[in-house]
Amino acid sequence: MTTENSSEAKRGSAAALATTVVFAGFIAVLGVFPGLYVGGGSVPVVLQNAGPLLAGVVLGARRATAAVVLFLALTAIGLPLLSGGRAGVAPFVGPSGGFLFGWILSALVAGAVVTRFKRTGLPVLLLAAALGLLADYAVGVPYLAFYLGDLRAAVVQSLVFLPGDVAKVLAVALIAAVLHRALPGRLAG
Amino acid sequence: MTGYQPGTSPLHRAPTGVKFVGMLVIATGVFVLSAPTWVGGVCLLVLAGYAVARLPLRYCWRVSRSLALIALLLFAVQWWLVSLDAAWLVSLRLVAAVGVANLFTATTRVDDVVSSIERAAAPLRRFGVRPDRLGLLAGLTMQAVSTLSLIAGQVREAAKARGADRSVIAFAVPFLVRTLRHADDLGEALAARGEDDRA
Amino acid sequence: MIEFDGLGHSYGDRRVLSGVTLRLPERRVAFVGANGSGKSTLARTINGLVHPTEGRALVDGLDPARDGRAVRRRVGFVFSNPDSQIVMPTAGEDVAFSLRRTTLSKKERAARAAELLAEFGLDGYADHPAHYLSGGQKQLLALCAMLVTEPDVLVCDEPTTLLDLRNKRQFVHRLEALRQQVVLVTHDLDLLERFDRVIVLDEGHVVADDRPEPALRHYRKLVG
């Protein structure tokens, strides 16, 4: 019994490593692949910042967070993984760096909601994605406020991105709902 | 691309750890300084760094163009919402902090960053952290990026063939399915090569 | 009818097709060739997934590079990995997805999908999770999803790569029985005996164009 359990746990470690690196890569590829048209609009939207939310609702909190942390760490050491091939420490020390750090919380929160409710219908997924986005803003806006020395200015600047981000929350929930039905029993939740 | 730019300047040859600490001091220092003239001085220092590093002109142009764009936007908004002084301070801080961070990345090979981190974080091994695996993780992730790019291309073609080139679902769902399958395959491949035995 | 008129293509500096001029009135046409021979690229010019850098392809007089959408309504395309093209959770929904732009009601779409699935031996699988079908069943599903819109032509790019021998044969027999024109890209040579015409590509050039037997003899000599 004990040996069986430990071999099970061991098999888990390679699978966990694989999931982490593959989803770090997944978030990177979302940045390389621009030109997705959301809801029949004509402006292509880069979906990269939907990556942490997608990872969260698909993988659950632990693995999604690991993937996002790895993605950000590799970006920071200089691999060109951010959209537009950006790399290095600069994106993190820039004014919107907080929104990058916020991805970690984003994945954690979105994943935790899905795991907690153990249900993967559209309402739960919407809630997960929306709270995940909120978590990102909860880190990003204060960071920007510190940068600007002014909270009001930070809020105003962040509001510009809100409509696009809300559209992404809807898209993430929709995608995840279809995916959870397509692979029943395979995903987090 | 804003990654490493090959070169032989003193900045390229300086030890990674020293460069990193220098970058941190400058990037955080500008937030301590509150006089725009001082921060402007730091900007000039960073600019001198670019001259010393002799980075390709095309690279400098790209970096300064995107930096100027953000700085201008920030300047305008701050001026409008707060004051002209605040606008100067914030945009000069941005130029200094992002400029010096870019300088670090442009003059430091990823391999050198990886080995510095592996060395510096070695004591963390006692707490179960495995900094020696950063290089492995970087390699595996880049491999995953190229495989997934290929898959993304195929999925996109298939969506187009189904007349669904503008549907997010028709791209994202098959892409995620194949991403998950790739993760399964990679997990098995790693297990087969003894990855689990090392844990 | 499908025509190629002085068609050539390069990906950057890499030249993959040159001077392909063909008319394909036959019902069962196959392209064979080694990896990198240009056969997959040629197939993609038929429905506008690739726009050739020289010359052009024509489908019933329409240029896929210009009228992509119109051409893709006439030309279905099956890829080697069905996972790429299965969009919806269940087999029935996925076939019905192809009909989303028609005026049919949801019920009618589901009925049409179920009917077609049954015809291809997938009866009872309409509500089955599409991704949990076997490899052979998934490829048949991909085929159904293309056929339900009743295209005139079906292009298949190495559709049997992921299938075992039995499923390979079954799949190709299904193709042979279709009323549609079929253009098959493959390197499974033993599946082609009942095809009308086999075209051999090598390094982007047509090197043989004949009935299956002599064309395949030529190809086997080519690869040694």
Side-chain angles (χ1 to χ4, degrees), chain B residues 1-6 56-59 61-62 65 110 139-193 195, chain C residues 11 40-41 43-51 64 68-90 93-102 129-132 135 138 142-149 151 153-159 161-162:
Chain B
M1 289 272 260
T2 52
Y4 175 70
Q5 308 292 316
L57 276 178
R58 253 189 46 213
Y59 171 84
W61 165 241
R62 286 199 56 175
R65 198 181 42 181
V110 174
L140 285 174
T141 304
M142 289 319 273
Q143 195 68 45
V145 168
S146 69
T147 306
L148 294 182
S149 303
L150 219 71
I151 291 176
Q154 291 174 359
V155 168
R156 204 173 213 209
E157 265 194 338
K160 206 171 170 188
R162 293 197 71 174
D165 28 345
R166 290 188 160 222
S167 154
V168 181
I169 298 280
F171 172 77
V173 172
F175 185 36
L176 272 162
V177 167
R178 292 199 56 192
T179 297
L180 286 161
R181 294 229 192 279
H182 178 58
D184 291 347
D185 292 348
L186 183 63
E188 282 179 0
L190 290 173
R193 298 181 65 173
E195 174 51 38
Chain C
Y11 293 106
S40 286
T41 304
R44 278 163 173 69
T45 65
I46 299 175
N47 72 340
L49 289 178
V50 169
H51 296 178
R69 273 160 192 275
V71 170
R72 283 191 283 275
R73 273 197 284 274
R74 288 160 202 250
V75 181
F77 203 105
V78 174
F79 298 82
S80 24
N81 190 338
D83 281 349
S84 297
Q85 66 185 108
I86 295 173
V87 172
M88 299 305 280
T90 64
E93 284 173 285
D94 190 64
V95 175
F97 176 80
S98 300
L99 296 170
R100 68 200 179 285
R101 296 234 178 80
T102 61
H131 286 287
Y132 295 165
K138 266 197 280 194
L143 183 63
C144 288
M146 282 298 155
L147 290 177
V148 73
T149 59
V153 182
L154 193 72
V155 181
C156 301
D157 182 23
E158 312 211 14
T161 310
L162 300 177

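From a predicted model like this one, the values you see are computed outputs, not experimental measurements. Protein chains get the first letters and strands the later ones, always in sequence-line order, with residue 1 at the start of each.
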Evaluation steps, side-chain contact (heavy atoms from CB on, under 4.5 Å), between B:Trp61 and B:Arg58: CA-CA 5 Å; B:Trp61 165 241; B:Arg58 253 189 46 213; 5.6 Å; no
Option in B:Lys160, B:Arg162, B:Arg178 with maximal non-hydrogen atom pairs under 4.5 Å from chain C: B:Arg162
Spacing of CZ belonging to C:Phe79 relative to CD belonging to B:Gln154, to within rounding of 0.5 Å: 9.0 Å
Which bit of [X] comes within less than 4.5 Å of chain B, counting heavy atoms only: side chain, backbone, both or neither?
| X | result |
| --- | --- |
| C:Asp83 | both |
| C:Arg101 | side chain |
| C:Asp94 | both |

Atom group of B:Ala159 that falls short of 4.5 Å from chain C, counting heavy atoms: neither
Test applied, side-chain contact (heavy atoms from CB on, under 4.5 Å); reference residue, B:Pro174; option that passes from C:Val87, C:Ile86, C:Asn81: C:Val87
Result of checking B:Val155, B:Leu148, B:Thr147, B:Asp184 against B:Thr179 for side-chain contact (heavy atoms from CB on, under 4.5 Å): B:Leu148
Option in C:Arg69, C:Met88, C:Arg72 with maximal non-hydrogen atom pairs under 4.5 Å from chain B: C:Arg72
Worked verdict on B:Phe175 versus B:Arg156 for side-chain contact (heavy atoms from CB on, under 4.5 Å): CA-CA 9 Å; B:Phe175 185 36; B:Arg156 204 173 213 209; over 6 Å; no
